[in-house]
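Notes for the one structure printed next.
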2 protein chains.
Amino acid sequence: MLPNSVKNIIDCLEDLPGIGEKTAERLAFAMIGFSKEKLTSFADAIMAVRDKLTYCDICGNISEENICPICADKERNSKIIFVVEKAKDISLFEKINIFSGKYHVLGGLISPLEGIGPEDINIDKLVSRIEKDNVEEIVLALKPSIEGETTMQYIKKILENSKVKVTRIATGIPIGTDIEYIDSMTLEFAFEGRKDI
Amino acid sequence: MLPNSVKNIIDCLEDLPGIGEKTAERLAFAMIGFSKEKLTSFADAIMAVRDKLTYCDICGNISEENICPICADKERNSKIIFVVEKAKDISLFEKINIFSGKYHVLGGLISPLEGIGPEDINIDKLVSRIEKDNVEEIVLALKPSIEGETTMQYIKKILENSKVKVTRIATGIPIGTDIEYIDSMTLEFAFEGRKDI
């Protein structure tokens, strides 16, 4: 009984992660209440993502240029590379403003179960960047899951004979979390990673 | 550091109800992963809402025609009108398929506090429909809040001298809800609305 244009918006919204039928309806009806100008900007923003957005030739970050602003920034240290799974992870680290090196986006993690091998993710370019720029350290900022661990071990192994230092961000108990809610694997990592105080 | 096209999508998504910064980012990154075709349909759907969607001349429902499919349906009983606050409410009642009359969308509720008077909502058209179509019953399906009650009392009053029967949907305890979580006003309504079993 809903007009087709509304049904179509609901369908599109339902394709988004975590948006079920009810939420999609609620959002669609909110959009119906938007001004024509706001609807135009919304549609334009989507078309800009479709038409302008590409991936950085160097690091794989999303970008509107062939080289992303981070890779193009001469002020940033190119001797240290943060290796992340997804472009989104870059914005998380950039927000906390703790790192002034470069990034590398793998675009996935090795997962034998899902048939994703090393050749399916952006590792070759990482290796050639390390050689070309004489990179001194790569920091693996991948999630501590089976896939993340496999990927970290693989990268560590192929760089065995290289001079680059390979580190990983710490696995442990998040601040504010009660230890009773932490799984035993994380506790093990937290114990192994203990530090003097 | 995010590309402008991504920032713009995040801004648009944040205008939606219940979508905060973090969710907007998550949804925007999901949209970046959409195919070009999917992005095109999404933008097209928004533009269709902008360009095609209008309000039914008779009942105020959203529609792509001047007369909505419900008002145009000769099979439906035009002697009984369900009065709702928002167009969305129509789809809720249509889904449960209990009603084969017509609807009327007020587009708001009387709220002296917010400066919304009877002239600001779609009441005049309701009165003329009742006269013109010799409507026998109007069912007020408005939320039982101060604004809803005020609006129901107002409509009841202006139809005092008319032959139309004015009813309201029941206020009471929703199925599956424990009575201890129900406010005293609702309990009072539920008591007053008690029925023989």
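The figures that follow rest on heavy atoms only: side chains count, while hydrogens, waters and symmetry mates do not. In the text below, chain A, chain B and the rest are named by the order of the sequence lines, each starting its count at 1.
Of residues 134-156 of chain A, not one residue has a non-hydrogen atom less than 4.5 Å from any non-hydrogen atom of chain B. Scanning residues 175-197 of chain A against chain B with a 4.5 Å heavy-atom cutoff picks out nothing at all. Against chain B, the residues from residues 42-69 of chain A that qualify, each with a non-hydrogen atom under 4.5 angstrom away, are F42(A), A43(A), A45(A), I46(A), M47(A), A48(A), V49(A), R50(A), L53(A), Y55(A), I62(A), S63(A), E64(A), P69(A) in number order.
Ranked by heavy-atom pairs under 4.5 Å with chain A, the first of E25(B), E94(B), K7(B) is E25(B).
The heavy-atom pair separating L27(B) from P17(A) by the smallest distance is CD2-O, 3.6 Å.
We find the CD1-NZ distance between I32(A) and K86(B) to be 12.5 Å, quoted to the nearest 0.5 Å. Taking SG of C12(A) as the start and CE of M31(B) as the end, the distance is 8.5 Å to the nearest 0.5 Å.
Using a 4.5 Å cut-off between heavy atoms, D15(A) touches chain B through backbone and side chain atoms alike. Contacts between T40(A) and chain B at a heavy-atom distance below 4.5 Å involve backbone atoms as well as side-chain atoms. Interface remark: K95(A) contributes side-chain atoms only to the contact with chain B (heavy atom separation under 4.5 Å). When heavy atoms are compared at a cutoff of 4.5 Å, L2(B) approaches chain A solely by way of its side chain, counted from C-beta outward. Neither the backbone nor the side chain of I90(B) comes within contact range of chain A; no heavy atoms are under 4.5 Å apart.
The shortest side-chain heavy-atom distance between F29(A) and D89(B) does not fall under the 4.5 Å cut-off. Taking 4.5 Å as the limit, every side-chain heavy atom of S41(A) sits out of range of all side-chain heavy atoms of N8(B).
Applying the 6.0 Å contact sphere to NZ of K22(A) captures no more than 12 heavy atoms from other residues, nucleotides or ligands. Annotation: K79(B), atom NZ; neighbour count of heavy atoms from other residues, nucleotides and ligands within 6.0 Å is above 12. Counting heavy atoms of neighbouring residues, nucleotides and ligands inside a 6.0 Å radius, atom NZ of K165(B) does not exceed 12 of them.
One hydrophobic cluster holds both V127(A) and I116(A) under the rule that ILVMFWY side chains link at heavy-atom gaps under 4.5 Å. Tracing side-chain contacts under 4.5 Å through hydrophobic residues (I, L, V, M, F, W, Y), one reaches V84(B) starting from I80(B); they form part of the same cluster. A single hydrophobic cluster is not seen to contain both F82(A) and L109(A); linkage of ILVMFWY side chains at heavy-atom distances under 4.5 Å, directly or through other members, places them apart. Cluster membership for I98(A) and I169(A), using ILVMFWY side-chain heavy atoms within less than 4.5 angstrom, is shared. I70(A) and L106(A) fall into different hydrophobic clusters, where Ile, Leu, Val, Met, Phe, Trp and Tyr are joined by side-chain heavy atoms under 4.5 Å apart, directly or via other members.
Residues passing the salt bridge (charged side-chain N to carboxylate O under 4.0 Å, His left out) test with K74(B): none are found, sequence neighbours excluded.
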